[in-house]
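Right, one structure below, let's go through it.
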Amino acid sequence: MIPFNKPAFVGSEKQHILDILGSGKISGDGAFGHQCQDWFVKTLGAPKTLLTPSCTHALEMAALLIDVQAGDEIIMPSYTFVSTANAFVLRGAKIVFVDVDPDTMNINADLIEAAITDKTKAIVPVHYAGVGCDMDKIMQLAERYQLYVIEDAAQGMMSTFKQKMLGTIGHLGAYSFHETKNYTSGGEGGLLIINDTQFIERAEIIREKGTNRSQFFRGMVDKYTWTDIGSSYLPSELQCAYLWGQLENAEIINQDRLNSWQHYAQNMTHLQEQGHIVCPHIPEHRQHNAHMFYIKVADLQQRTALLKFLKQKDIGAVFHYVPLHSSPFGLKHCSFNGEDKYTTAESEKLIRLPLWYGITEDEITYICEMIYKYFDEN
Ligand SMILES: *Cc1c(COP(=O)(O)O)cnc(C)c1O
């Protein structure tokens with residue numbers, strides 16, 4: 001069986017975890033946590049980064065930081081993971097969805113302006129498959145209408161838009177280190193990227209249960225106390241130790257994935273030329289991170305048949321998001337601005353193929369051969 005995903009594991013993670021187990025300090029914000037955050041500050045060129053237990057938590061922190069109030073509207077694509085929306089719904093916001101661009105499955109930046117009202121508080125672009133949204137247009141709109149931009153870059157670590165790392169362009173950004181993402185902190189984890197420095201101090205307080213504990217440890221205040229709302233948004237040192245093993249090898253992991261992605265792309269060219277499938281399109285000014293190799297087939301019926309065929313061939317191919325506006329919660333509490341021209345139709349065509357750190361060329365070749373075989377026979 002070729003599984004859809006295997007969590008990235010390079011090898012050095014093991015020793016780091018053993019080291020931390022013997023250190024007598026395994027709670028959050030220890031040596032590995034700080035080392036990881038420093039790496040991100042340096043690599044991203046962001047003023048501040050904070051590790052979180054998940055990307056979901058980083059997004060929740062972002063919603064707290066921009067002070068979302070009941071009735072505020074947040075604009076995002078419907079083709080995304082539930083946490084993108086839930087983080088804001090938890091604060092009483094209303095989610096307004098906008099259609100995607102079928103080329104990238106990212107929010108269509110040209111449709112955002114029509115969805116802006118005087119209640120709009122933020123735009124949340126999601127960089128699907130680690131391919132950047134049109135951040136120039138989104139940042140221009142945000143400036144014109146005084147909105148915040150929170151990048152859901154859960155899938156986007158190591159990708160860029162116009163040489164800028166995804167997650168560093170909006171006011172705030174979020175990464176995921178879930179085991180299905182390119183880099184993991186041992187199954188679950190995330191990062192809040194703070195690009196607008198006005199948020200730094202409060203972010204540390206919210207993350208530390210609403211206390212000024214971080215300032216206390218830096219000797220900036222003489223006792224630590226409850227100063228704001230907050231929660232517990234720290235990952236343990238065990239997670240950070242695993243993550244450090246991945247960050248040390250960030251380039252190796254990235255290159256390996258890019259090679260695999262390229263191998264898929266080369267193998268699939270012919271099928272695309274024959275008009276059977278559509279392969280991912282990377283628009284100009286983007287460097288992607290090979291988070292995902294997907295193909296699009298004719299329709300839902302063909303997708304179901306091909307997935308079944310691949311399963312019989314021991315290939316763990318999967319579909320992806322059911323658009324949020326058509327979910328039971330979305331139908332009741334969210335709205336879709338404009339026409340759903342592509343979100344539903346395109347999401348029904350999409351198949352994600354196995355891709356992980358260490359997948360072999362032989363495995364990819366076999367997967368591609370089986371897809372060719374399907375189209376030969378059908
Ligand atoms: C994975 C993912 C998330 C959630 O990440 P967690 O770390 O599992 O909370 C949010 N948004 C997008 C787009 C994702 O792909």
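Note: hydrogens, waters and symmetry copies are ignored here, and every other heavy atom, side chains too, is used. First listed ligand is number 1; within each ligand, the first listed atom is number 1.
- Looking only at side-chain heavy atoms (C-beta outward), V126 and Y321 stay at 4.5 Å or farther from each other.
- In the hydrophobic clustering (ILVMFWY side chains linked at under 4.5 Å, chained through shared members), I116 is joined by I75, V96, V98, I107, L111, I112, I123, M135, I138, M139, L141, Y145, L147, V149, F161, L166, I169.
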Set out, in order, the CA-CA distance, both residues' side-chain angles and the distance that settles side chain to side chain contact (heavy atoms under 4.5 Å, CB included) for Y374 and H276, then state yes or no. CA-CA 11 Å; Y374 172 85; H276 287 302; over 6 Å; no

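- Judged as a side chain to side chain donor-acceptor pair (under 3.5 Å), and not counting sequence neighbours, the contacts of T344 are D340.
- Between F40 and Y183, the distance separating the two ring centers is not shorter than 6.0 angstrom.
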Give me the pairs of N or O atoms, one from ligand 1 and one from the protein, that sit under 3.5 Å apart.
from, atom 1, to, atom 2, distance (Å)
ligand 1, 5 (O), S176, OG, 3.3
ligand 1, 7 (O), C55, N, 2.8
ligand 1, 7 (O), S176, OG, 2.7
ligand 1, 9 (O), C55, N, 3.3
ligand 1, 9 (O), T56, N, 2.8
ligand 1, 9 (O), T56, OG1, 2.5
ligand 1, 11 (N), D152, OD1, 3.3
ligand 1, 11 (N), D152, OD2, 2.8
ligand 1, 15 (O), Q155, NE2, 2.8
ligand 1, 15 (O), K181, NZ, 3.2
ligand 1, 15 (O), Y321, OH, 3.3

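- Listed by chain and number, the residues in a side chain to side chain donor-acceptor pair (under 3.5 Å) with K311 amount to none (sequence neighbours excluded).
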